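Just so you know, ligand 1 is whichever comes first in the structure, and atom 1 is the first atom listed for that ligand. Residue numbers run from 1 in the order of the sequence given. Fair warning: this is a prediction, and the values are worked out from it, not measured in the lab.
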Amino acid sequence: MNNKLSIAYFYPDLLNLYGDNGNVEIISQRALKRGIEVEVMNISIDSGFDASFMQKVNFVFMGGGPDSGQKSMYGDLVNNKKELLREYTENNGVGLYICGSYQLFGHYYKSADGTVLNGLGIFDLHTEHFGEKKPRCIGNTQAELSEIITNDPVFKNVNKLDTTLVGFENHGGRTYLGKNIAPLAKVVVGHGNNSEDKTEGAVYKKSYGTYFHGPFLARNPHFADYLIAQALQISGEELPPLDDALIIAAHTASKKLKQ
Ligand code: GLN
């Protein structure tokens with residue numbers, strides 16, 4: 001077992017809306033409580049970044065941010081980080097990308113003022129913000145995880161809960177998935193990717209994009225442990241259960257929330 005979780009947290013200064021950084025805290029704490037060593041490495045526009053750095057990493061995280069935050073970092077992302085992130089993702093590196101960064105993993109993001117930000121093109125999807133023509137997608141969310149995840153023995157081993165994700169969303173962009181990517185989940189409550197096709201987020205290899213914003217792993221410990229097990233390349237059985245009574249109560253209560 002790879003007994004060290006090496007987390008690369010990209011753009012913590014620019015993409016941290018609604019406390020997305022809480023996901024890094026949750027992953028770290030859940031690993032530390034199991035005696036797993038954790039290292040969090042922050043990477044931003046001016047950070048040193050190369051292949052030897054990425055070889056040490058087994059979990060990548062990026063949060064979301066408003067259009068202004070995206071505009072200030074996407075040039076660096078696409079010009080300086082694209083190839084190594086593509087290689088990492090294609091080689092089954094584990095990553096979680098929320099809202100604004102999820103959008104930038106796609107082919108492009110057309111923002112409300114019509115500016116087109118070319119994305120990484122790692123995820124086969126694109127996103128468009130229709131400005132005042134369509135309302136923002138805001139509110140509580142609930143979605144049923146894809147069978148890609150629920151049928152995975154690793155998820156079965158770590159899951160002490162159910163097959164639902166709960167959280168909230170706040171985005172203007174609407175994301176449309178292409179043929180070479182699958183949804184992360186099916187919307188039960190909320191808008192998801194685009195408020196039309198009931199898809200929420202995306203899964204490509206071992207990388208996940210989602211519109212569940214803020215520290216959503218706090219209420220979804222099964223998904224947090226799934227990410228940890230995948231990052232450490234273990235079956236999940238090695239992770240002893242934690243005292244999640246309060247967390248499970250919060251998860252269960254969230255399932256009763258209206259949009
Ligand atoms: N600017 C993007 C949108 O509104 C992303 C917002 C976010 O990350 N919350 O769609």
Side-chain angles (χ1 to χ4, degrees), residues 9-26 42-45 60-78 81 85 95-143 165-178 181 183-185 187 189-202 207-220 259:
Y9 180 4
F10 281 75
Y11 309 107
D13 48 342
L14 299 167
L15 297 179
N16 181 25
L17 202 56
Y18 313 123
D20 290 331
N21 66 321
N23 295 304
V24 173
E25 301 275 332
I26 291 149
N42 290 341
I43 290 285
S44 195
I45 290 179
V60 170
F61 178 78
M62 284 189 218
D67 285 21
S68 57
Q70 285 173 292
K71 280 177 186 160
S72 54
M73 49 63 71
Y74 96 96
D76 177 65
L77 178 74
V78 171
K81 289 161 174 127
L85 280 171
L96 177 63
Y97 309 104
I98 294 185
C99 202
S101 61
Y102 164 46
Q103 295 171 345
L104 293 177
F105 261 67
H107 300 297
Y108 66 87
Y109 171 53
K110 187 171 179 188
S111 63
D113 65 9
T115 313
V116 175
L117 310 185
N118 290 318
L120 294 169
I122 297 173
F123 289 173
D124 181 21
L125 56 84
H126 69 274
T127 303
E128 193 161 341
H129 191 313
F130 294 90
E132 288 174 8
K133 286 191 216 128
K134 293 195 179 182
R136 286 185 75 77
C137 302
I138 305 177
N140 292 312
T141 44
Q142 196 185 133
L165 290 179
V166 294
F168 86 99
E169 63 188 333
N170 187 349
H171 53 109
R174 286 159 195 256
T175 295
Y176 300 92
L177 303 182
I181 195 153
L184 171 67
V187 173
V189 174
H191 299 274
N193 281 330
N194 51 46
S195 207
E196 292 163 37
D197 63 15
K198 295 275 177 202
T199 63
E200 154 51 38
S207 290
Y208 309 92
T210 183
Y211 275 115
F212 282 61
H213 232 312
F216 85 102
L217 294 177
R219 284 187 276 168
N220 296 289
Q259 189 181 358

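Summary of contacts: the protein heavy atom closest to atom 1 (N) of ligand 1 is Asp67 OD1, 2.4 Å. Counting only heavy atoms of the protein, atom 9 (N) of ligand 1 lies nearest to His213 NE2, 2.7 Å. The closest protein non-hydrogen atom to atom 6 (C) of ligand 1 is Gly65 O, 3.2 Å.
Ring planes of Tyr102 and Tyr211: perpendicular class, angle over 60° (limits at 30 and 60°). Ring pair Phe105/Tyr97 is parallel by interplanar angle, where below 30° counts as parallel and above 60° as perpendicular.
Between Glu169 and Ile138 the shortest side-chain heavy-atom distance does not fall below 4.5 Å. Between Lys198 and Asn193 the shortest side-chain heavy-atom distance does not fall below 4.5 Å. Side-chain contact between Leu85 and Phe10 is present, with heavy atoms from C-beta onward closer than 4.5 Å.
A salt bridge does not link Lys134 with Glu128: every distance from a Lys NZ or Arg NE/NH1/NH2 to an Asp or Glu carboxylate oxygen is 4.0 Å or more. Ion pairing of Asp197 with Arg174 is absent here, as no side-chain N (NZ or NE/NH1/NH2) approaches a carboxylate O to less than 4.0 Å.
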Begin with the C-alpha distance, continue with both residues' side-chain angles, and end with the deciding distance and a verdict on side-chain hydrogen bond (donor to acceptor under 3.5 Å, both in side chains) for Gln103 and Tyr108. CA-CA 7 Å; Gln103 295 171 345; Tyr108 66 87; over 6 Å; no
Report the C-alpha separation of Leu96 and Leu217 in whole Å, then their side-chain angles, then the decisive distance to 0.1 Å, and conclude whether the side chain to side chain contact (heavy atoms under 4.5 Å, CB included) test is met. CA-CA 11 Å; Leu96 177 63; Leu217 294 177; 4.1 Å; yes
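Considering backbone and side-chain atoms together, Gln70 places an N or O closer than 3.5 Å to an N or O of ligand 1. For a threshold of 3.5 Å applied to N or O pairs, the pair formed by Gly172 and ligand 1 contains at least one separation below that value. Between Cys99 and ligand 1, no N or O atom pair is found at a separation short of 3.5 Å.
Taking every non-hydrogen atom of Gly173 and a distance limit under 4.0 Å, the qualifying atoms of ligand 1 come out as 3 (C), 4 (O), 10 (O). Within ligand 1, the atoms closer than 4.0 Å to a non-hydrogen atom of Leu17 are 9 (N), numbered from 1 in the order shown. For ligand 1 and Arg136, the ligand atoms under 4.0 Å from any heavy atom of the residue are 4 (O). Listed by number with element, the atoms of ligand 1 under 4.0 angstrom from any heavy atom of His171 are 4 (O), 10 (O). For ligand 1 and Gly64, the ligand atoms under 4.0 Å from any heavy atom of the residue are 8 (O). In the vicinity of Asn170, heavy-atom distances shorter than 4.0 Å reach the ligand 1 atoms 9 (N).
Only backbone heavy atoms of Pro66 (N, CA, C or O) come within less than 4.0 Å of ligand 1; its side chain stays farther off.
Ligand 1 is approached by Tyr109 to a heavy-atom distance shorter than 4.0 Å. Heavy-atom distances between Gln103 and ligand 1 reach below 4.0 Å in at least one pair.
The neighbour count for Lys71 NZ, taken as heavy atoms of other residues, nucleotides or ligands under 6.0 Å away, is above 12.
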